Amino acid sequence: MARQSDTKQRILQTARDLFARQGVQQTSLQDIAESLGITKPALYYHFSSREELVRSIVTPLIDDGERFLAATEARADVTTREVLEGFFDFHHRHRKDMLLLLTELTTLAELGLIDLVLAWRARLTRIVFGPDATFEQQTRAVLTFGGMQDCTMQFPDAPVEELRQATITAAFAALGIED
């Protein structure tokens, strides 16, 4: 018999796969249970609702993003390169769940998670340009960080180091900052 944590992980992975193929709103808990070969009550033992399941998928991403930002904000000597590298690494590590975030904005807004993720770009802008960033710097930062996020998803088969270097080089250019 599978341990509870193994079953829970299997549920999360199956839900990710079905959400990616069908969308969150089009995937029922019954669909997930059937795909796993378990009963719906067995699924309810681990997750009381689809919303709890979605939250369980995205919470580790949110927590990791918050840790990255808090650690970066706490450093007075952080370089722009370190910010860009950390941001790229975070998004590359979570690219599959980021796809879920982007394809299910309505669901995630209902869960109260979108505002948090959108606030990350403002925090990153302050880290790179300071608290008095001009409007042009703010727009450059939004384009840069959004583009970096998109690159990690747009090129899933690219060698990671090649993608990392190309993305960071482009990010410096977009920010208008020399490396």
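Remember, it's a predicted structure, so these values are computed and weren't measured experimentally. Worth knowing before you read on, the calculation uses all heavy atoms, side chains too, and leaves out hydrogens, waters and symmetry mates. Residues: numbered from 1 along the sequence shown.
Looking at heavy atoms from C-beta onward, Lys96 lies out of side-chain contact with Arg16 at the 4.5 angstrom threshold. With contacts defined as side-chain heavy-atom distances shorter than 4.5 Å, the pair Ile38/Tyr45 does not qualify. Contact check for Thr144 versus Leu124: no side-chain heavy atoms found under the 4.5 Å cut-off. Between Gln13 and Arg10 there is no side-chain heavy-atom pair separated by less than 4.5 Å.
Just one of Ile127, Ile168, Val128 meets the side-chain contact (heavy atoms from CB on, under 4.5 Å) condition when paired with Thr80; it is Val128. Trp120 pairs in a ring-ring contact (aromatic ring centres under 6.0 Å, His included) with only one of the listed residues (Phe68, Phe145, Phe90), which is Phe90.
Closest of all the heavy-atom pairs between Ala158 and Leu163 is CB-CB, 4.1 Å. Scanning both residues, Ile32 and Leu43, for their nearest heavy atoms gives CG2-CD1, 4.1 Å. Closest heavy-atom contact between Ala15 and Ile57: CB-CD1, 4.1 Å.
Judged purely by distance below 3.5 Å, without hydrogens or angles, the side chains of Thr27 and Gln22 pair a donor atom with an acceptor atom. If you check the side chains of Asp31 and Ser28, you find a donor sitting under 3.5 Å from an acceptor.
Arg95 contributes no side-chain N or O that, together with a main-chain N or O of Met153, makes up a donor-acceptor pair within less than 3.5 Å. Side-chain N or O atoms of Gln137 include one that pairs as donor or acceptor with a backbone N or O of Thr134 at under 3.5 Å. Put simply, the side chain of Arg164 never gets that close to the backbone of Phe88: no donor and acceptor are under 3.5 Å apart. A donor-acceptor contact shorter than 3.5 Å links the side chain of His91 to the backbone of Phe87. Thr169 contributes a side-chain N or O that, together with a main-chain N or O of Gln165, makes up a donor-acceptor pair within less than 3.5 Å.
Side-chain heavy atoms closer than 4.5 Å link hydrophobic residues (I, L, V, M, F, W, Y) into clusters, and following such links, even through other members, never connects Val142 to Met148. When hydrophobic clusters are built by joining Ile, Leu, Val, Met, Phe, Trp and Tyr residues whose side-chain heavy atoms come closer than 4.5 Å, directly or via intermediates, Phe155 is grouped together with Val160. Leu175 is not connected to Phe135 by any chain of hydrophobic side-chain contacts under 4.5 Å among Ile, Leu, Val, Met, Phe, Trp and Tyr, and they are in different clusters. The hydrophobic cluster containing Tyr44 also contains Leu12, counting ILVMFWY residues as joined when their side-chain heavy atoms lie under 4.5 angstrom apart, directly or transitively.
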Worksheet item: Do Glu73 and Val78 pass the side-chain contact (heavy atoms from CB on, under 4.5 Å) test, and can you show the C-alpha distance, the side-chain angles, and the key distance before you say yes or no?
Response: CA-CA 8 Å; Glu73 288 168 329; Val78 70; over 6 Å; no
Discussion item. The test is salt bridge (charged side-chain N to carboxylate O under 4.0 Å, His left out); show your working for Arg81 and Glu85 and say whether it passes.
Written reply: CA-CA 6 Å; Arg81 175 165 282 284; Glu85 287 174 348; 3.1 Å; yes
Fill in: Glu82/Arg75 under salt bridge (charged side-chain N to carboxylate O under 4.0 Å, His left out): CA gap, chis, key distance, verdict
CA-CA 11 Å; Glu82 290 171 312; Arg75 289 190 48 209; 3.2 Å; yes
Practice prompt. Could you go through the side-chain contact (heavy atoms from CB on, under 4.5 Å) check for Asp64 and Arg93 one step at a time?
Written response: CA-CA 10 Å; Asp64 192 24; Arg93 185 170 53 252; 2.9 Å; yes
Worksheet item: Would Gln154 and Gln149 count as a side-chain contact (heavy atoms from CB on, under 4.5 Å) if you check the C-alpha gap in whole Å, the side-chain angles of each, and the deciding distance to 0.1 Å?
Response: CA-CA 9 Å; Gln154 184 71 32; Gln149 176 183 329; over 6 Å; no
Discussion item. Walk me through whether Gln25 and Phe19 qualify under side-chain contact (heavy atoms from CB on, under 4.5 Å).
Written reply: CA-CA 8 Å; Gln25 295 303 323; Phe19 291 160; over 6 Å; no
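The CD atom of Glu34 sits 10.5 Å away from atom CG of Leu18, with the distance rounded to the nearest 0.5 Å. Summarising the geometry, atom CD1 belonging to Ile62 is positioned 10.0 Å from atom CG belonging to Asp97; distances are rounded to the nearest 0.5 Å. From His94, atom NE2 reaches atom CG of Leu61 across 5.0 Å, with rounding to the nearest 0.5 Å. If you take CZ on Phe172 and CG on Asp179, they are separated by 4.0 Å, rounding to the nearest 0.5 Å. Between the CD1 atom in Ile11 and the NE2 atom in His46 there is a gap of 4.5 Å [rounded to 0.5 Å]. Rounding to the nearest 0.5 Å gives a distance of 12.0 Å between CZ of Arg55 and CG of Leu53.
Atom CD of Glu178 sits in a sparse spot, with 12 or fewer heavy atoms from other residues, nucleotides or ligands closer than 6.0 Å.
For the pair Lys8 and Phe47, the cation-pi test (distance below 6.0 Å, angle within 45°) is passed.
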